[in-house]
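Below, read A as the first sequence line, B as the second, and so on, with proteins coming before strands; counting in each chain starts at 1.
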There are 2 protein chains.
Amino acid sequence: MTLKKAISGTNLEQAKSHNRRVVIEAIRTSGALSRAAIARLTALSSQTISNIVEELEEAGLLRPEATLKGARGQPAVPYSINPDGGYSIGLQLDHQLAVGVVSDLSGTMRARIERNVDRPTPAEAMPLLAAISSDLIATSRLERKRLLGIGMAMPGPFGVEGMTSVGPTALPGWQDFPVADELERLTGIAVTVENDATAAAIGERLYGVARKLGSFVYLFIGTGLGAGLFLDGHLYKGSRHNAGEIGHIIVRPGGLPCGCGKRGCLERYVSLRAAYDRLDLPDPDHASPELLEKMLAKGDSRFEAWLAEAVEPLRQAIDILEMALDPETVVLGGFMPLPVIEALASRLEPLHLSVSATSARTTPRVLVGAAGKDTSVLGAAALPIFSETNPQFDVLQKPVG
Amino acid sequence: MTLKKAISGTNLEQAKSHNRRVVIEAIRTSGALSRAAIARLTALSSQTISNIVEELEEAGLLRPEATLKGARGQPAVPYSINPDGGYSIGLQLDHQLAVGVVSDLSGTMRARIERNVDRPTPAEAMPLLAAISSDLIATSRLERKRLLGIGMAMPGPFGVEGMTSVGPTALPGWQDFPVADELERLTGIAVTVENDATAAAIGERLYGVARKLGSFVYLFIGTGLGAGLFLDGHLYKGSRHNAGEIGHIIVRPGGLPCGCGKRGCLERYVSLRAAYDRLDLPDPDHASPELLEKMLAKGDSRFEAWLAEAVEPLRQAIDILEMALDPETVVLGGFMPLPVIEALASRLEPLHLSVSATSARTTPRVLVGAAGKDTSVLGAAALPIFSETNPQFDVLQKPVG
DNA sequence: TCAGAAACTCAAGTTGATTTAATTATGGGC
DNA sequence: GCCCATAATTAAATCAACTTGAGTTTCTGA
């Protein structure tokens with residue numbers, strides 16, 4: 001076979017699937033909407049919308065709200081997302097913590113389990129993750145048929161030779177380990193895996209400050225640093241699923257040596273690990289984000305020094321992302337405690353001059369994410385929901401082969 | 001009106017339009033194909049393909065090739081893009097040169113006109129561009145109804161306050177000038193405007209080395225430096241049409257001062273202008289790329305020094321693009337003469353370790369563009385063709401309002 | 001020469017959006 | 001309080017484009 005996959009054609013079936021997603025997306029971004037309002041927003045006929053809404057209500061995904069009076073004409077019945085229309089499990093694995101949550105369709109956390117780990121290998125983590133999942137299902141008594149799937153977030157990059165297993169910010173032994181397949185085998189539930197930044201971006205897009213944005217970048221400050229890219233209404237993952245791994249871009253040529261072999265990498269300056277290192281802790285491998293929050297609160301001078309040193313590389317990274325991607329905004333978040341992120345953000349001004357510097361903006365150039373430390377678990381939980389409900393080009397493609 | 005545009009639904013009409021584009025795209029990327037082969041590639045039924053091919057042949061966009069014998073069964077009739085199915089005009093404006101070309105559907109240049117300019121203002125350039133267009137139409141005796149439109153390429157960024165009109169690499173006076181509208185008024189033909197890097201990316205994708213790629217970055221080395229981003233099968237332009245303006249990302253903190261106000265911008269090291277400046281020319285505003293080609297040929301030591309200094313910032317830029325976007329490849333091109341680009345490319349190895357460094361690659365990490373110095377004019381000419389024939393998410397969206 | 005294979009065509013069938021018209025429920029004017 | 005304009009929703013009929021399945025054509029290979 002010499003000819004490889006091409007963009008494939010579409011038919012009515014795919015079109016219907018797309019339209020259903022469009023309806024859900026419209027309600028998600030604009031709140032409760034009447035059929036007529038949806039029809040106006042989506043440019044579909046009101047009859048079509050009526051059919052789709054009926055089906056979605058039938059399926060439990062939408063629910064009617066109180067009739068709206070006060071205007072002329074027949075009162076409209078607004079529909080909103082039915083939180084109990086479906087559930088998903090979000091898992092997050094990092095150096096010190098494994099977290100699992102149950103999320104409903106509206107993004108509300110219904111249950112949460114946390115377990116300590118210590119730079120876990122796959123052999124250690126996989127049974128734990130499976131156990132967390134079944135505990136969550138048991139304690140929250142989920143109807144199995146309403147469970148949309150498991151979404152998992154973990155630090156990237158994935159499958160990069162010579163990079164994945166190196167350095168204090170990477171998890172060891174996960175190089176080429178088929179996480180999704182294995183977890184699917186252990187739990188019997190469909191699993192989607194993304195890096196933590198991408199998961200957080202989805203969470204922020206579905207339920208947070210990026211709800212209405214078409215293009216934004218989520219800058220995830222965790223043990224290392226990564227970016228989730230949401231461009232033109234779609235998640236961009238890159239040709240090998242590693243887009244946004246900007247922790248290792250060089251911002252200080254000849255600067256601090258990095259575990260990856262290069263010098264002056266961004267995450268040597270802006271990340272939890274960078275802060276720990278700067279503070280001369282006795283055991284940086286087991287420091288915690290809360291420590292940084294405490295040091296900020298009491299005005300520790302070494303911590304202030306780290307803040308001052310981290311600001312310019314962060315500013316430079318934002319400049320690079322703005323110039324390269326011209327997003328509507330850059331959202332900051334991650335495992336870094338919210339007060340620390342806000343401290344960083346407040347020191348960012350004046351930002352560099354970039355294509356983002358225009359007075360015609362409606363959104364600030366930099367926003368702090370809404371969901372706090374659980375952003376990426378909730379984002380992970382949103383993965384199955386997102387893939388089921390987001391209008392995407394893929395949906396219109398007929399499955400080939 | 002508080003509710004803004006949402007992603008809109010689709011219907012049969014849009015689906016058909018999409019499928020037509022998919023057929024053209026399949027033939028463009030894979031060469032002449034029989035109806036049956038297209039059906040297999042696109043996952044559409046052979047009957048559907050037959051209908052679409054018939055229509056496209058009727059419209060003059062496809063033409064049958066010689067019947068293929070030698071296999072069992074009824075001989076297949078391959079169809080290919082009919083070069084005479086349509087024409088477009090490509091315009092390019094830069095500091096010293098205005099170029100216009102006529103391109104046919106296959107991307108072949110049918111006519112070319114060149115005029116010298118000197119950092120032209122809109123008032124100077126617009127009549128000239130209109131004149132070039134009408135000369136091209138007259139001399140190549142184009143059927144007006146086969147003319148798909150005018151595509152124009154010029155240096156970005158567009159409409160950025162405090163950045164567009166500053167520095168020796170920007171064209172003065174174009175800030176907020178409505179180029180497309182004005183040229184459309186003067187010529188009576190539909191006009192699309194993109195920055196030179198984006199235009200070059202399209203050219204390379206339609207007719208050059210990126211023909212089969214789903215995600216790549218085109219690095220355009222011109223008077224300044226810019227990138228064209230083709231991601232997941234789509235051109236990414238950014239929320240304010242300025243994605244890829246990476247000439248002003250900081251690669252050397254505290255480095256050479258730049259007209260934009262920052263220090264150590266990429267294009268202060270890698271661009272025609274950077275080379276001219278490094279060579280202490282008496283009049284860098286009127287130097288030409290050919291000069292650099294000559295200096296390379298005779299092994300000029302100052303030029304060699306520039307090459308040596310430019311390589312690391314370029315490597316760093318490629319690293320950043322690879323890490324941020326995980327493209328299949330980075331294509332180098334622009335106004336910089338081909339031998340100089342090749343000289344730079346040959347000095348790039350070893351590239352930095354990035355997510356692109358995997359043995360599972362099918363394409364080299366860096367490629368030199370195919371179309372030479374006319375890449376971006378040809379790409380500009382491809383703009384109207386591209387927007388008429390590329391499968392895009394937009395096509396499925398019903399026009400709203 | 002003929003069976004098998006593959007490409008292509010024809011006509012009926014299916015699906016889902018649209019059109020048109022009817023129905024329902026409200027507010028406002030008189 | 002009675003009409004009527006207005007707006008939302010529903011119902012039935014229509015339409016457009018893809019699919020299906022049964023041919024038809026034209027080749028290769030035995």
Side-chain angles (χ1 to χ4, degrees), chain A residues 1 3 8-23 26 32-58 62 64-79 391 395-400, chain B residues 1 3 8-23 26 32-58 62 64-79 391 395-400:
Chain A
M1 201 56 173
L3 292 174
S8 67
T10 196
N11 59 14
L12 277 177
E13 204 180 332
Q14 325 291 320
K16 181 176 188 180
S17 172
H18 170 74
N19 285 346
R20 228 196 314 250
R21 284 161 184 258
V22 163
V23 168
L33 291 172
S34 70
R35 294 175 173 89
I38 301 172
R40 282 188 297 264
L41 273 175
T42 60
L44 289 167
S45 68
S46 59
Q47 183 56 54
T48 301
I49 296 300
S50 244
N51 296 338
I52 293 175
V53 167
E54 188 183 11
E55 273 183 51
L56 291 175
E57 186 181 0
E58 189 81 15
L62 294 184
E65 301 288 335
T67 318
L68 282 178
K69 299 187 181 179
R72 279 202 171 179
Q74 173 166 338
V77 182
Y79 280 81
V395 177
L396 291 138
Q397 317 265 105
K398 289 184 65 182
V400 60
Chain B
M1 200 55 173
L3 293 174
S8 67
T10 197
N11 60 13
L12 279 174
E13 204 179 328
Q14 326 289 322
K16 180 176 188 180
S17 171
H18 170 75
N19 286 344
R20 231 198 310 254
R21 285 162 183 257
V22 163
V23 168
L33 291 173
S34 70
R35 292 175 175 87
I38 300 171
R40 282 189 297 265
L41 274 174
T42 59
L44 290 166
S45 69
S46 59
Q47 182 56 54
T48 300
I49 297 300
S50 250
N51 296 338
I52 293 175
V53 167
E54 188 183 12
E55 273 184 52
L56 292 176
E57 185 180 359
E58 188 80 16
L62 294 184
E65 301 288 335
T67 313
L68 281 179
K69 299 187 180 178
R72 282 212 168 169
Q74 174 165 339
V77 182
Y79 281 80
V395 177
L396 290 139
Q397 316 264 103
K398 290 185 63 183
V400 58

### Task
Give a yes/no on whether any side-chain N or O of A:S45 is located under 4.0 angstrom from OP1 or OP2 of C:dA17.
no

### Task
Pick base, sugar-phosphate or nothing for A:N51, based on heavy-atom distances below 4.0 Å to the nucleic acid.
nothing

#### Entry: A:S50 vs D:dT9: side-chain N/O to OP1/OP2 distance below 4.0 Å
no

### Query
Is B:E55 salt-bridged to B:K16, going by a charged N under 4.0 Å from an acidic O?
yes

#### Entry: More than 12 heavy atoms from other groups under 6.0 Å of CD on B:E13
no

### Message
Nearest whole Å is fine: how far is D:dC3 C1' from A:R72 CZ?
### Response
12 Å

### Query
Taking for each residue the nucleotide of DNA chain D bearing the nearest heavy atom, is the 5' side occupied by A:S46 or by B:N19?
A:S46

#### Entry: Residue-phosphate contact under 4.0 Å: A:T48 side-chain N/O, C:dT18 OP1/OP2
yes

### Query
Could you state the CD-P distance from A:E13 to D:dC18, rounded to the nearest angstrom?
14 Å

### Task
Please examine the side chains of A:V22 and A:P391, heavy atoms only from C-beta on, and report whether any two atoms are closer than 4.5 Å.
yes

### Value in whole Å for how far the P atom of D:dC18 lies from CG of B:N11
12 Å

### Query
Expressed in angstrom and rounded to an integer, what is the separation of A:I38 atom CD1 from D:dT9 atom P?
9 Å

### Query
To the nearest Å, how far apart are B:I49 CD1 and D:dC18 P?
9 Å

### Query
Can you find a heavy atom in the side chain of B:L44 that is under 4.5 Å from one in the side chain of A:S8?
no

### Query
Rounded to the Å, how far apart are A:H18 NE2 and C:dG16 P?
15 Å

### Message
Using whole Å, what does the distance between atom C1' of nucleotide C:dT14 and atom NZ of A:K16 come to?
### Response
13 Å

### Message
Judged by each residue's nearest nucleotide on DNA chain D, which is more toward the 5′ side, A:Q74 or A:L12?
### Response
A:Q74

### Message
Can you measure A:Q47 atom CD to C:dT15 atom P for me and round it to whole angstrom units?
### Response
18 Å

### N or O in side chain of A:R35 less than 4.0 angstrom from D:dA7 OP1/OP2
no

### Query
OP1 or OP2 of C:dG16 sitting under 4.0 Å from any side-chain N/O of A:R20?
no

